[in-house]
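To find a chain, count down the sequence lines: A is the first, B the second, and so on, and within it residues start at 1.
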Amino acid sequence: MTDREVRIGDERVIPAEGWRLELSDRARGIGQLTDGRIRVPVLVEGAGTDWAVTLRGRRVPVTVRSWRERILAEAETAAAEHSGPVEVKATLPGLVVAVAVAVGDEVAEGAALLTVEAMKMQNEVRAPRAGRVVHIAVAAGQAVATGASLVRLE
Amino acid sequence: MPPFDRLLIANRGEIAIRVIRACRELGISPVAVYSDADVDALHVRLADRSERIGPPAPGESYLSIEAIVDAAARSGAAAVHPGYGFLSENAAFARAVTGAGLVFVGPPAATLEALGDKLAARRIAAAAGVPIVPGTELAIEVGDTADLAAVGFPLLLKAAAGGGGRGMRRVESPEGVPDALAAARREALSAFGDGTIYAERVIATARHVEVQLLGDRHGGLALLGERDCSIQRRHQKLVEESPSPAVDPSTRAALLESARRVAASVDFHNAATVEFLLDADRNHYFLEMNTRLQVEHGVTEQVTGLDLVGWQIRVAAGERLPDGVLQPAFRGHAIEVRLYAEDPYAGFQPTAGRITAWRMPQGPGVRVDAGVEADTDLRPEYDPLLAKLMVHAEDRPAAIDRLRRALDETVIGGVQTDAGFLRWLVDDDAFRAGDYDTGLIADRWGHGPPLDGDDARLVAIAALAGRAAAQDLAAAASTPTDDASAWGRAARHEALRR
């Protein structure tokens, strides 16, 4: 346990000292953190290196990994970065209502690519980085599932 | 004797369950409807019987007049309660229900029609001598810039058939009109099948305050106080309270009188809400009248002690409202917060997934109306409302303290929810002082504060200890189990790693 590091986003976080986790419902991850003086409700969910901790209503994604897992993950990220194209995927299931770009368009980081309606709301899907649109996998009126490829950028 | 033997609820989620509860208390047998996505939904299991109305898409199920009226006839129901949203304000639906010989639990169809057109509603209110938000009297077309200049910027483009913030766009200057008009029209067409748009001036530092009405079929009208619904994102309410911290007795009297006038100028019975904007000088302006039960009706139930849904059903059956309802005694302060599957750190975007852990608060003055439970898969087709948490206490400060306590007892796993925003809100100085307006989320929350350093270290120890505990669990298990829980998976995962 001690050789593991904890990251929230890109930042390494040193765990609070003197606190421990008590799980009252192991199956669901429901428990409390205590320093022996007070108890704070907390929810801990996850598997492997990917965890999510809900504290004061806020669900925080956390990476917990050993140095070996870290080196492995960093090698994978480096490999992905060198492979070039970026696949923009649907983060929610929904209905494509408009496509704002065409194949060949140069887009800036954060540019609106298309509009997807989910949960009765229209959401803009934006470019994760600058690039050129090389493929559009969907059309207006099409339903998409979570993880479906929408647009490929190069 | 029960008002009806059997009643069909043309809705889903928490509001269907709310109506089922009212039916149970009145001795009525409740009938649920479900789409293929809701075969195992909570509201289906709580009703006596249930009728399938079609595929998951709302247009083919919960919005299908034909499917629902058929289901009502098949089930032998004598009345139909529409809940809120879906077909609740649809005059054609109300007519189809009464045409099938059943009772529609809501105002008359002609009233739904008259007030459903928000432009017509503005004219009705103005004719009744009620102040309306300055704006256009007619629908706007592309190129109507002169009319809009007269309204003044910034302004709001709104859908005449609208509601729930859909088809609504804020425009800062004339240059923004074409894009905003196109977007509002597209959204209004897809949501309501009607792209008619009008404009209203934006009232600075406004509060959104509404008056609850309950009327019987004999002319009895109860004015059940106001609710403050100023805390909104995307023009949709997140928090409601009664009484409003911004309303003094003379403002309240003026609001109730305006609401009474609007109701008196149409053929009204059953439940409705008249919505107003209140400016910094406590002038009020009519916004619209919602001819249905509101999501936030429970706040009024808490301060009046009345069962609004029960009374909706009873007046639909012809009962008269007694004096205790017509002149209710108001007691204490109530606040409702809506628990949504939305990410408040990412502009309140809906989140999807499965609810894993689910524990709702209990104890004095706490009410939860929930539509989901643990292991519920959230459907993208439907509203992301998970539950409404309501608290009632002697006064506003006590209600806020109670709300904080209740939020700390609340556990929702699997998806990000707005609970982090709500937990922040109860400690926000402006909210605690009652000094807030419809801009609170944009002005004070934004995308939320960064994770506090002490909290980050607590999160870290929890995650570290959580992984270690999963590993211990794996070590203790000599053989893989078929435990389908996340922890079971985590344990097996750890077992494979050694």
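- In terms of heavy-atom pairs under 4.5 angstrom with chain A, the leader among B:Arg423, B:Gln416, B:Arg186, B:Glu409 is B:Gln416.
- For the atom pair B:Asp428 CG and B:Trp445 CH2, the distance stands at 10.0 Å (nearest 0.5 Å).
- For the options A:Leu33, A:Val42, A:Thr54, A:Val40, heavy-atom pairs under 4.5 Å to chain B are most numerous at A:Leu33.
- Contact of B:Tyr345 with chain A is made through the side chain alone, with heavy-atom distances under 4.5 Å.
- For the set B:Asp375, B:Thr410, B:Leu339, B:Leu422, the entry with the most heavy-atom pairs within less than 4.5 Å of chain A is B:Asp375.
- Look at B:Asp408 and B:Arg405 and you find no salt bridge, because none of the NZ, NE, NH1 or NH2 atoms lies under 4.0 Å from a carboxylate O.
- Between chain A and the options B:Pro58, B:Ala357, B:Ser190, B:Gly347, the largest number of non-hydrogen pairs under 4.5 Å is found for B:Ala357.
- Listed by chain and number, the residues in a side-chain contact (heavy atoms from CB on, under 4.5 Å) with B:His447 amount to none (sequence neighbours excluded).
- Counting heavy-atom pairs closer than 4.5 Å to chain A, the top residue among B:Leu458, B:Asp343, B:Val411 is B:Leu458.
- The part of A:Val62 that comes within reach of chain B is its side chain, from C-beta onward, which places non-hydrogen atoms under 4.5 angstrom from that chain.
- A salt bridge links B:Arg404 to B:Asp427: at least one charged side-chain nitrogen sits closer than 4.0 Å to a carboxylate oxygen.
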Only distances under 3.5 Å count here; give the side-chain donor-acceptor pairs of residues 103-112 of chain A to other protein atoms, sequence neighbours excluded, each with its distance to 0.1 Å.
| unit_1 | atom_1 | unit_2 | atom_2 | d |
| --- | --- | --- | --- | --- |
| A:Asp105 | OD2 | A:Ala102 | N | 2.9 |

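- In this model, a donor atom of one side chain and an acceptor atom of the other lie less than 3.5 Å apart for B:Tyr62 and B:Asp38.
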